[in-house]
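Numbers here simply count residues along the sequence, with the first being 1.
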Amino acid sequence: MSALHNEDILEIYAAASAVEAERLVLLLEEDGIEALARATTMSSFPAGGQHLVLVKASDREKALKTIADARREGAVSDRGEVL
């Protein structure tokens with residue numbers, strides 16, 4: 001994520017696991033979206049969603065579509081949550 005410092009970065013999804021967060025990052029990157037998985041220790045996130053997926057603010061809508069497609073197609077579970 002080379003251009004991350006030039007644009008606002010958003011936490012857009014709390015994944016059900018680290019594996020799912022990393023899988024989503026790979027899927028997002030396949031769609032041309034720079035993404036990052038980050039673990040957090042905050043307990044306020046839903047569904048054990050301590051594994052966050054971050055993208056640039058300008059990529060938010062495209063990223064959410066990719067995530068929705070991944071969930072629908074079974075690439076990741078439906079236990080994560082959009083933030």
Side-chain angles (χ1 to χ4, degrees):
M1 291 188 85
S2 56
L4 287 184
H5 63 280
N6 295 331
E7 189 172 343
D8 288 338
I9 304 305
L10 302 175
E11 297 170 342
I12 63 163
Y13 190 75
S17 69
V19 170
E20 288 194 4
E22 291 296 336
R23 184 173 296 142
L24 286 170
V25 166
L26 292 173
L27 291 170
L28 289 163
E29 289 175 349
E30 285 178 6
D31 283 351
I33 301 167
E34 288 184 283
L36 176 70
R38 185 181 81 186
T40 181
T41 57
M42 292 181 64
S43 61
S44 60
F45 287 102
Q50 313 231 339
H51 308 282
L52 304 178
V53 176
L54 295 80
V55 298
K56 294 185 293 188
S58 61
D59 287 334
R60 183 179 189 279
E61 294 307 314
K62 185 176 177 185
L64 290 175
K65 180 185 181 315
T66 296
I67 291 169
D69 290 346
R71 287 172 55 138
R72 186 179 65 254
E73 295 166 5
V76 297
S77 73
D78 60 359
R79 294 187 324 261
E81 187 168 319
V82 173
L83 303 175

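For the pair Glu29 and Ala35, the tightest heavy-atom approach, listed with the atom from each and the gap, is OE2-O, 3.5 Å. The two atoms that bring His51 and Ala21 nearest to each other are CB-CB, 3.9 Å, heavy atoms only. Across all their heavy atoms, Ile12 and Ala63 have their closest contact at CD1-CB, 3.6 Å. Nearest heavy-atom pair, Leu54 versus Arg38, reported as atom, atom and distance to 0.1 Å: CD1-CB, 3.7 Å. Residues Val25 and Ala37 approach most closely at CG2-N, 3.5 Å, considering heavy atoms.
Inter-residue side-chain proximity for Glu11 and Val53 is flagged as unmet; no heavy-atom pair is nearer than 4.5 Å.
A continuous path of hydrophobic side-chain contacts links Leu64 to Leu10 [ILVMFWY only; heavy atoms under 4.5 Å]. Using a 4.5 Å cut-off between side-chain heavy atoms of Ile, Leu, Val, Met, Phe, Trp and Tyr, with links allowed through other members, Val55 and Val82 fall into the same hydrophobic cluster.
Between the side chain of Glu34 and the main chain of Lys56, no donor-acceptor pair closer than 3.5 Å is present.
One finds the CG atom of Asp31 at 3.5 Å from the OG1 atom of Thr66 (value rounded to the nearest 0.5 Å). Here the straight-line distance linking atom CG of Leu28 with atom CD1 of Ile67 works out to 5.0 Å at 0.5 Å rounding. Distance CG/Leu83 to OH/Tyr13: 9.0 Å, rounded to 0.5 Å. From Arg71, atom CZ reaches atom CD of Glu20 across 9.0 Å, with rounding to the nearest 0.5 Å.
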*Worked check of side-chain contact (heavy atoms from CB on, under 4.5 Å) between Val19 and Arg23*: CA-CA 6 Å; Val19 170; Arg23 184 173 296 142; 3.8 Å; yes
_Trace of the side-chain contact (heavy atoms from CB on, under 4.5 Å) decision for Ile9 with Leu36_ = CA-CA 10 Å; Ile9 304 305; Leu36 176 70; over 6 Å; no
